[in-house]
Amino acid sequence: MGVAFKEQVNARLMVSGGFRTDFGYIDPVEEKGFPNNNRRALYTFDVYHVNLGLGYGFKRGSIIMGTQYSNGRANDQQQIVNLTEPVEFISDSQMPLTGPISNNVQLRYNDISVYLGFMFNFLQEKAIGNLHR
């Protein structure tokens, strides 16, 4: 889900922005072994994105640059390995840092992105006038 806005400041300058969600809809698979679950895809959490950009139109195209901030969090996620009370020995039947795995991981996700877009119209030679076309 998302909402966006676009405001034409003048014939060549545009401001745009928006808010969107990225909901984690995949349930984690039960009973995974350590080598198979040691990756970030194991965690399912919702991420929220806010962006703001500035666009400039010229004779045969436009350029837009902006930034996006993303934030997500989740509580009570399953540990990849037991670091709370680890079993720290290696034997033929057990790998290091294994033991009972609990759901006590708190996940925090913050991301800042910068984007740059460029559009050039090879077919149209007359002035665009604004960025809506």
Side-chain angles (χ1 to χ4, degrees):
M1 180 177 82
V3 272
F5 74 92
K6 182 162 104 173
E7 180 67 33
Q8 199 72 34
V9 177
N10 59 37
R12 297 208 178 266
L13 195 61
M14 176 209 42
V15 176
S16 64
F19 171 81
R20 69 182 173 90
T21 59
D22 188 5
F23 291 149
Y25 60 91
I26 300 172
D27 291 331
V29 178
E30 299 287 329
E31 301 297 324
K32 286 183 261 206
F34 169 71
N36 300 323
N37 71 354
N38 190 10
R39 57 183 170 263
R40 196 181 93 177
L42 169 73
Y43 299 115
T44 57
F45 58 99
D46 300 336
V47 180
Y48 302 93
H49 309 274
V50 178
N51 63 43
L52 183 64
L54 186 64
Y56 179 77
F58 52 92
K59 185 174 181 180
R60 293 183 63 185
S62 64
I63 188 167
I64 187 165
M65 35 191 305
T67 185
Q68 174 175 281
Y69 172 69
S70 304
N71 179 279
R73 62 181 7 186
N75 295 323
D76 302 325
Q77 297 288 304
Q78 188 178 47
Q79 295 175 327
I80 294 173
V81 294
N82 186 342
L83 296 174
T84 310
E85 298 173 2
V87 177
E88 297 181 5
F89 63 92
I90 301 173
S91 69
D92 293 338
S93 63
Q94 196 169 27
M95 294 171 27
L97 299 177
T98 56
I101 293 176
S102 61
N103 293 340
N104 62 357
V105 174
Q106 292 183 349
L107 190 80
R108 303 292 180 257
Y109 175 80
N110 290 289
D111 181 53
I112 296 176
S113 306
V114 177
Y115 57 89
L116 176 67
F118 179 76
M119 182 193 73
F120 184 78
N121 189 344
F122 291 101
L123 301 176
Q124 186 178 17
E125 292 186 22
K126 57 185 175 179
I128 291 177
N130 62 35
L131 297 175
H132 287 284
R133 297 180 195 174

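Numbers here simply count residues along the sequence, with the first being 1.
Within the 3.5 Å criterion, the main-chain N or O of Q106 finds no donor-acceptor partner in the side chain of N75.
Using a 30° and 60° split on the angle between ring planes, F122 and F120 fall in the perpendicular class, above 60°.
Contact detail for Q8 and N10: the closest heavy-atom pair is NE2-O, 3.1 Å. Nearest approach of L116 to M65, heavy atoms of both residues: CD1-CB, 3.9 Å.
Taken from CE in M14 to OG in S62, the straight-line distance is 7.0 Å, to the nearest 0.5 Å. Interatomic distance, D111 CG to H49 NE2, rounded to the nearest 0.5 Å: 8.5 Å. A distance of 11.0 Å separates CG in N71 from CG in D46, rounded to the nearest 0.5 Å.
Shown here are the side chain to side chain contact (heavy atoms under 4.5 Å, CB included) partners of V15, two or more places apart in sequence or in another chain: F5, V9, L52, L54. The side chain to side chain contact (heavy atoms under 4.5 Å, CB included) check on T67 picks up I112, V114, with sequence neighbours excluded. Shown here are the side chain to side chain contact (heavy atoms under 4.5 Å, CB included) partners of R73, two or more places apart in sequence or in another chain: R108. Under the rule for a side chain to side chain donor-acceptor pair (under 3.5 Å), N103 has no partner lying at least two apart in sequence or in another chain.
Within the 4.5 Å cutoff, the side chain of S16 has heavy atoms near those of the I64 side chain. Contact of the F23 side chain with the Y48 side chain is registered, since non-hydrogen atoms from C-beta on lie closer than 4.5 Å.
The hydrophobic cluster analysis finds Y115 isolated: no Ile, Leu, Val, Met, Phe, Trp or Tyr side chain comes under 4.5 Å of it, directly or through other members. Hydrophobic clustering, defined by side-chain heavy atoms of Ile, Leu, Val, Met, Phe, Trp and Tyr closer than 4.5 Å, leaves M1 isolated from every other such residue.
Between Y56 and F58, a ring centre-to-centre spacing not shorter than 6.0 Å is recorded.
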